Amino acid sequence: MGNSALRAHVETAQKTGVFQLKDRGLTEFPLDLQKLTSNLRTIDLSSNKIESLPPMIIGKFTLLKSLSLNNNKLTVLPDELCNLKKLETLSLNNNHLRELPSTFGQLSALKTLSLSGNQLRALPPQLCSLRHLDVVDLSKNQIRTIPDTVGELQVIELNLNQNQISQISVKISCCPRLKVLRLEENCLELSMLPQSILSDSQICLLAVEGNLFEIKKLRELEGYDKYMERFTATKKKFA
């Protein structure tokens with residue numbers, strides 16, 4: 001991509017606060033954006049070939065609310081990313097990430113996090129520090145178990161579809177705000193699904209198709225009637 005074209009995008013972004021450059025074959029984060037660290041509210045560089053984020057620059061976008069880097073080649077995220085104290089939406093679907101920075105819990109304003117199609121092998125414990133997190137998409141990763149720390153998650157919706165999950169901690173029932181839990185196409189036996197999800201949680205939409213049991217068997221479990229009461233009440237609310 002030519003310098004003049006990039007310059008034109010930068011000039012527009014200076015006025016609008018939005019920098020969007022998708023599917024342009026970029027191999028690195030545009031360094032010209034460092035002129036706009038106090039301007040930008042939105043950056044979308046999805047569908048490029050970016051392999052890393054420049055640590056010295058990425059943490060300086062103090063007003064940034066939305067960052068999208070879907071469909072790139074990121075393998076790690078710099079700690080400096082976690083300086084973005086106003087960031088509300090972070091989309092990193094279809095990259096090569098194996099873990100999140102230890103400082104990830106500092107993204108205190110984060111509401112929506114999308115990490116579908118990466119190489120995560122565990123539920124990142126850093127997510128439990130994020131008090132405003134509403135929606136997390138961890139589908140299409142390599143997660144095998146859901147640990148006890150899950151009980152501290154504040155999310156409303158958790159998408160774990162298409163992982164390799166065979167074990168779930170009973171603590172998932174303690175999530176204070178969790179309403180939607182998606183576990184489709186995993187490796188769950190019915191005996192490994194904590195019954196308390198049905199009887200004692202806030203969950204009113206449980207999606208478990210494509211596991212190692214028939215859905216009709218779920219309806220025979222103790223607590224299923226309590227789950228259906230929540231499901232029906234929620235349905236009525238949105239009808």
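One is the number of the first residue; the rest follow in order along the sequence. The structure displayed is predicted, hence computed values, not measured ones.
Contact check for Gln154 versus Pro176: side-chain heavy atoms found under the 4.5 Å cut-off. Contact annotation: the side chain of Leu198 approaches that of Leu206 to within less than 4.5 Å [non-hydrogen atoms, C-beta and beyond]. Residues Leu115 and Leu100 meet the side-chain proximity criterion, which asks for heavy atoms closer than 4.5 Å.
Counting non-hydrogen atoms of neighbouring residues, nucleotides and ligands closer than 6.0 angstrom, the CD atom of Glu28 reaches no more than 12 such neighbours. For CD of Glu80, the number of neighbouring non-hydrogen atoms (other residues, nucleotides, ligands) closer than 6.0 Å is greater than 12.
For the residue pair Ser46/Asp44, the side-chain donor-acceptor check at 3.5 Å is satisfied. In this model, no donor atom of one side chain and acceptor atom of the other lie less than 3.5 Å apart for Asn186 and Asn163. Using modelled atom types and a 3.5 Å distance limit, the side chains of Ser116 and Ser139 yield a donor-acceptor pair.
No donor-acceptor pair under 3.5 Å is formed between the side chain of Gln164 and the backbone N or O of Cys187. Using a distance-only test at 3.5 Å, with no hydrogens or angles considered, no donor-acceptor pair links the side chain of Asn141 to the main chain of Ile143. Checked by atom type and distance alone, the side chain of Arg177 never pairs as donor or acceptor with a backbone atom of Leu153 at under 3.5 Å. When atom types are taken as modelled, the side chain of Lys171 and the backbone of Ile168 share no donor-acceptor pair closer than 3.5 angstrom.
Taking CG from Leu87 and NZ from Lys111, the interatomic distance works out to 11.5 Å, rounded to the nearest 0.5 Å. Rounding to the nearest 0.5 Å places CG of Leu63 at 11.0 Å from OG1 of Thr42. Residue Lys35 holds its NZ atom at 12.0 Å from CG of Leu40, rounded to the nearest 0.5 Å.
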Residue pair Asn94, Asn70: steps toward the side-chain hydrogen bond (donor to acceptor under 3.5 Å, both in side chains) verdict:
CA-CA 6 Å; Asn94 303 317; Asn70 300 321; over 6 Å; no
Between Leu113 and Phe104, is a side-chain contact (heavy atoms from CB on, under 4.5 Å) present by the stated rule, with each step listed?
CA-CA 11 Å; Leu113 174 63; Phe104 201 81; 3.9 Å; yes
Candidate pair Arg230 and Ser201, rule side-chain contact (heavy atoms from CB on, under 4.5 Å), full reasoning:
CA-CA 10 Å; Arg230 296 193 302 273; Ser201 75; 3.5 Å; yes
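Smallest separation of non-hydrogen atoms from Leu205 and Phe231: CD1-CE1, 3.9 Å. Considering all non-hydrogen atoms of both residues, Phe213 and Glu189 come closest at CD2-C, 3.9 Å. Shown here for Phe29 and Ile43, the closest heavy-atom pair between the two residues is CZ-CD1, 4.2 Å.
Taking 4.0 Å as the cut-off between side-chain N and carboxylate O, Asp137 and Arg182 do not count as a salt-bridged pair.
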